[in-house]
Amino acid sequence: MGKSALAVRLVRLLGSAVGQAQLYVDLRGHPGQTPLRPTDILSRFLRSFGYGTTLPSDVDELSAWWRSATAERNVTVLADNAGSAAQVRPLLPGGPGSLVVVTSRLPLEDLIVDGAALHRLPPLPEHAAVELLTRCAGPPTGDRDVAAAARIAHACARNPLAVRTVAARSVLHPGMTLTQLARTLDPPSFHQHEDDSQGAVMDNLLQTYRALSPDAARAFRLLGCLPSRTFDADVVAAVSAVDRTEATRLLELLVAVELAQDQRSDDLRESGAEVECAFHDVVADLAKDQADRETPAVQEEARRRWVEWYLVATTQAEARLTPSHRSLRRSPIHILDGRPLFDGAPGPDVLAWLERRRDDLLSAVRASFAAGWYDLTWQLTDAMWPLFLRGRHTEDWISVHQNYGLPAAERDGDSHVVRRMLTTLGGGLRSAGRFDEALARYEQALVSARQDVHSRDEAQALDGLGGCLQQADRSDEAVPRLLDALRIREEIGYERGVGLTRIRLAEVFADQGELHQALDHLTRACTTLRGIGDTYEAARALALLGRTHIRDGHVTTGEAHLRQAGQEFAEAGSRHWRARTLEWLGESARDNSRPEEARDLLTTSLELYGTAHSPRDMARLDETLRDLNATSPEC
């Protein structure tokens, strides 16, 4: 009935009057879909407010955090496609002036006790249905067309989606008049849909589908096999086994006849950006129904092609963002020559691509594991590493490795892959402050590596243990592990590992006041990492080098290093490390009697930490700024 489109329009009109923050979530509450859990939604909401690294896993605790986070501010929440009141209730914000808009195919009367007002969306008035039809299909050319338009509106039960679907049929027959368009409707349509909007939609969608060419109809069915409702030309090419030019043509045809929705913003559309599409929920039902008519083998191949496409694409993103990162093997059997996606693309653009596809990537991991494609499961988990690390998606990082990547590697029986999953999971747990769990994972990997006499994996586990112990304020225990890791990595010639371990050692020595040792390790790490082209980690070494120089009294040199590192992080799209360099520059300005400059730098850093989902960093910056304002209230 157009409930989602109406709700979006409503929120745009009213949301800015309610509060600054506007949040949207598709709850996926339709039959045949896996509904989003309130815990997942609340985690996303809280991350958008700057929380993220230490969130609870219990829905009641998360809901309490959410109400507290919104208690003093009014927000607008659009919860689209709800399946039940229980799915919505934990999402209600704490601010008394907040606005919550919920759409559903169900009435959800249980929300009345929470203050909800229910609004049943009726069909369009006849004149509006006719106006929508003529806007899409062209104006009437005479009295016969006027009468035909009214008959079409009646046959569509004045449902906007059904009207648009019939109007789009004229794309298949250019120059068709409204009278001719009315004749394309099956005769029963003029009688059976007067009070059956859903029936009108499905009947007209089915007629449009049947009018497609065989290749377009096949692409539509294959897209219906997927556990995702979003796709682009690359996905169409992958599942349909056609080239990208043909896939683009098929996708544009599906959009033209209203069987797919163009998801691009007006700006992206005008700029000529590639088409990114989604199924309307009712169209998705039709696509799935038609997909179910395919043989199980065809459906399985479509899903595997989809997973493999994301594996190939994400591996390319990984190589672009972390070119020296040691990749595990990849074993697609269908998608063997994915087109170059990121040649010459800047880091922020590549990271933005991963962020836009995050939900689909998570769905692909789950679908792959459920299908028993364990090699693809851990390979995709491994390829998503830059997204987890730079996007600071700690909950996803832990969940994907713990529930899918690690079990898949164990079932695949490759001990080397198991160790990679263990150490990467340890990194996620360490980022979440769950140090005991992280240490246990690193110890598992260490024992396994020593049993297999695998020096490289042994060093990886030792490096992880040292880093975790350092963050847990156990620096004395960290040093021997890190020195062992450095020795092994130098012996086997693993230059990137040598550089990373030197960074960890430098942090430990700086914490212990051994600044000259820290400076030596950081200088050598920076040289090593730049020499192998790992600009991101080299920038991290440079930032730490700058901070250590400032602590050692060389302020001018240190600040120059920090500014250069900050620029490199901006180019790489790393908001968290860009924020950190600004924080350290702000502290230096404060300590060197430049309070106005310090306040500007620290305020910008705080804003960046907010966009990088770093609540602990934000809390620290808040306190620093309060102290600065108390000691230097006037600039």
For R489 and T501: C-alpha separation, side-chain torsions, deciding distance, then whether side-chain hydrogen bond (donor to acceptor under 3.5 Å, both in side chains) applies. CA-CA 9 Å; R489 286 176 162 177; T501 300; 2.8 Å; yes
Quick one: does S605's side chain get under 4.5 Å of E607's, heavy atoms only? no
Under the side chain to side chain donor-acceptor pair (under 3.5 Å) test, residues paired with R540 that sit two or more places apart: E537
Identify whether NZ of Lys or CZ of Arg in R456 sits under 6.0 Å from the centre of the six-membered ring of Y494 and within 45° of that ring's axis. yes
With sequence neighbours left out, the residues meeting side-chain contact (heavy atoms from CB on, under 4.5 Å) with R320 are F342, V350
Closest non-hydrogen atom pair between R502 and A525, with its separation: CB-CB, 3.9 Å
Check W309 against I335 and note the closest heavy-atom contact, atom names and distance. N-CG1, 3.9 Å
So does R249 pair up with D215, basic N to acidic O under 4.0 Å? yes
Under a plain distance cut-off of 3.5 Å, with no hydrogens placed, do R12 and Q22 share a side-chain donor-acceptor pair? no
CZ (R305) with more than 12 external heavy atoms under 6.0 Å: yes
Over 60° means perpendicular and under 30° means parallel, so classify the ring planes of W397 and W385, tilted if in between. perpendicular
Yes or no on salt bridge (Lys or Arg N to Asp or Glu O under 4.0 Å) for R547 and E507, after CA distance, side-chain angles and deciding distance? CA-CA 11 Å; R547 189 189 189 207; E507 291 182 290; over 6 Å; no
For R356, look at atom CZ and say whether over 12 heavy atoms of other residues, nucleotides or ligands are found less than 6.0 Å away. yes
Side chains of T230 and D360: do they bring a donor and an acceptor to under 3.5 Å? yes
Measure the acute angle between the ring planes of Y609 and H576, then classify it against the limits of 30° and 60° as parallel, tilted or perpendicular. perpendicular
Taking every non-hydrogen atom, the tightest pair across A168 and A256: CB-O, 3.2 Å
Anything under 30° is parallel, anything over 60° is perpendicular, the rest tilted; go ahead and classify W577 against W584. perpendicular
Ignoring hydrogens and angles, tell me if any N or O in the side chain of T314 forms a donor-acceptor pair with the backbone of L311 under 3.5 Å. no
Side chain R357, main chain E355, donor-acceptor under 3.5 Å: no
How far apart are the C-alpha atoms of W378 and Y374, what are their side-chain angles, what is the distance that settles it, and do they pass the ring pair (Phe, Tyr, Trp, His ring centres under 6.0 Å) test? CA-CA 6 Å; W378 59 254; Y374 300 127; over 10 Å; no
Within the distance-only criterion (no hydrogens, no angle test), does the side chain of R303 pair as donor or acceptor with the backbone N or O of C225 below 3.5 angstrom? yes
Backbone N or O of D80 within a donor-acceptor pair of the T103 side chain at under 3.5 Å? no
Quick one: do D534 and T322 satisfy side-chain hydrogen bond (donor to acceptor under 3.5 Å, both in side chains)? Show the steps, please. CA-CA 7 Å; D534 195 331; T322 55; over 6 Å; no
Determine the minimum heavy-atom distance between D232 and L251, stating which atoms define it. C-CD2, 3.7 Å
Salt bridge (charged side-chain N to carboxylate O under 4.0 Å, His left out) involving R304 - partner list, sequence neighbours excluded: E308
Is it true that, when you exclude Q261 itself, more than 12 heavy atoms of the residues, nucleotides or ligands shown sit nearer than 6.0 Å to its CD? yes
